[in-house]
Amino acid sequence: MAPSEPPRAANPPSTPTLRPEKLDITISLSPPIRHIVTPPATPEPHPESLSPVPLRYPDTLGTLIEIRDTEAKGLGVFALHEIEAGNVLLCEAPIVTLVDTGSRADPLDVAVNSLSPSRKASFLSLHHFSRNKNESVSRSIVYSNGYSIKNDLATGVFETASRINHSCVPNSHYLWKDGIGRMVFWNRFKLLEGEEVTVDYGHKKKYLEKIYGFECQCGGCTDSGLHARSSSGNESGGVEDMRSLDDVIHESLNEEKGSI
Ligand SMILES: C[S@@+](CC[C@H](N)C(=O)[O-])C[C@H]1O[C@@H](n2cnc3c(N)ncnc32)[C@H](O)[C@@H]1O
């Protein structure tokens with residue numbers, strides 16, 4: 001999978017308010033939407049607490065989006081309720097980042113083996129497809145779920161984002177934000193309650209089959225290739241959009257300085 005792009009936004013974000021028991025964050029593109037992010041009732045046990053960086057911040061999983069079964073595409077990501085266009089759906093750090101170092105030790109094994117038990121289980125639970133029987137499961141997972149990040153110098157595999165399915169007419173876009181080390185996803189159109197969140201993996205239908213081993217079931221394929229990369233990679237929908245996204249992300253994160 002290749003990756004990224006920016007949102008349509010104009011309004012400055014409103015100020016987030018912090019309360020000890022509840023993080024109440026407003027991410028506004030246009031119009032504003034309120035995300036109530038409640039910390040987990042039971043904190044993760046010891047090995048997890050060694051990892052201070054939350055994968056999703058703010059955590060929209062369970063408040064704005066959810067992962068569940070699709071009819072024909074395995075798992076997918078869905079809107080939990082109606083979401084106006086131009087909202088940040090997900091702002092997620094990779095669970096595994098693969099940077100080829102040239103070292104003899106496979107950097108992927110090093111990265112996977114250094115994960116906490118629950119993050120390792122999340123990684124290993126991801127969908128994987130391989131045409132090469134000598135390929136390790138971890139490699140197949142990276143090739144089936146990885147987004148190109150850091151100006152194509154690395155690949156990131158994500159706990160939630162790697163559950164987002166492809167559509168030739170996607171309703172969402174994404175962009176890697178190096179400054180915060182996260183991939184940001186936002187919806188281009190209003191999403192209805194229960195609507196699946198989709199992005200463009202950046203390949204024509206026949207290459208989706210060749211590279212990822214699936215026949216696209218999105219129902220909107222034209223195979224013209226015109227849409228290809230429209231929501232992926234490091235492309236942008238315009239400097240103005242990108243600046244707005246930066247403002248939104250940084251203002252909400254600055255309020256929480258130190259927690260990422
Ligand atoms: C990155 S994963 C997406 C999440 C995956 N559905 C799961 O269950 O974890 C990519 C895989 O999802 C499935 N998939 C994604 N988009 C699809 C589509 N438009 N049509 C059919 N299958 C799709 C394919 O099996 C593909 O290899």
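Everything numeric here is computed off the predicted structure, so don't read it as measured data. Whatever order the structure lists ligands and atoms in, that order sets their numbers, starting from 1.
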Which atoms of ligand 1 are found less than 4.0 Å from any heavy atom of [X]?
X: Asn165; result: 3 (C), 4 (C), 5 (C), 6 (N), 12 (O), 13 (C), 14 (N), 15 (C), 16 (N)
X: His127; result: 7 (C), 9 (O), 11 (C), 25 (O), 26 (C), 27 (O)
X: Ser144; result: 1 (C)

| task | Inspect the contact between Arg119 and Glu159 and indicate whether a charged nitrogen and a carboxylate oxygen are less than 4.0 angstrom apart. | result |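 Salt bridge: no.
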| field | Residues Glu92 and Arg182 bridged, charged N to O under 4.0 Å | value |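 Arg182 and Glu92: not salt-bridged.
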If you measure from each heavy atom of [X] to ligand 1, is any distance below 4.0 Å?
X: Thr198; value: no
X: Leu126; value: no
X: Gly76; value: no
X: Ser167; value: no

Would you kindly say whether [X] and [Y] are connected by a side-chain donor-acceptor distance under 3.5 Å?
X: Ser144; Y: Arg139; value: no
X: Ser172; Y: Arg188; value: no
X: Asn113; Y: Lys120; value: yes

Short N or O distance, [X] and ligand 1, threshold 3.5 Å exclusive:
X: His166; answer: yes
X: Phe214; answer: no
X: Lys73; answer: yes

| message | For a 4.5 angstrom cut-off between non-hydrogen side-chain atoms, does Thr97 reach Thr155? | response |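 Counting from C-beta outward, Thr97 and Thr155 never come under 4.5 Å.
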| field | Check: Thr70 side chain, Gly74 main-chain N or O, donor-acceptor pair, under 3.5 Å | value |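 Flag set: sc Thr70 to bb Gly74 pair under 3.5 Å.
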| said: Using a 4.0 Å heavy-atom cut-off, which part of Ser162 comes near ligand 1: side chain, backbone, both, or neither? | reply: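 It is the backbone that gets close, since no side chain atom is under 4.0 Å.
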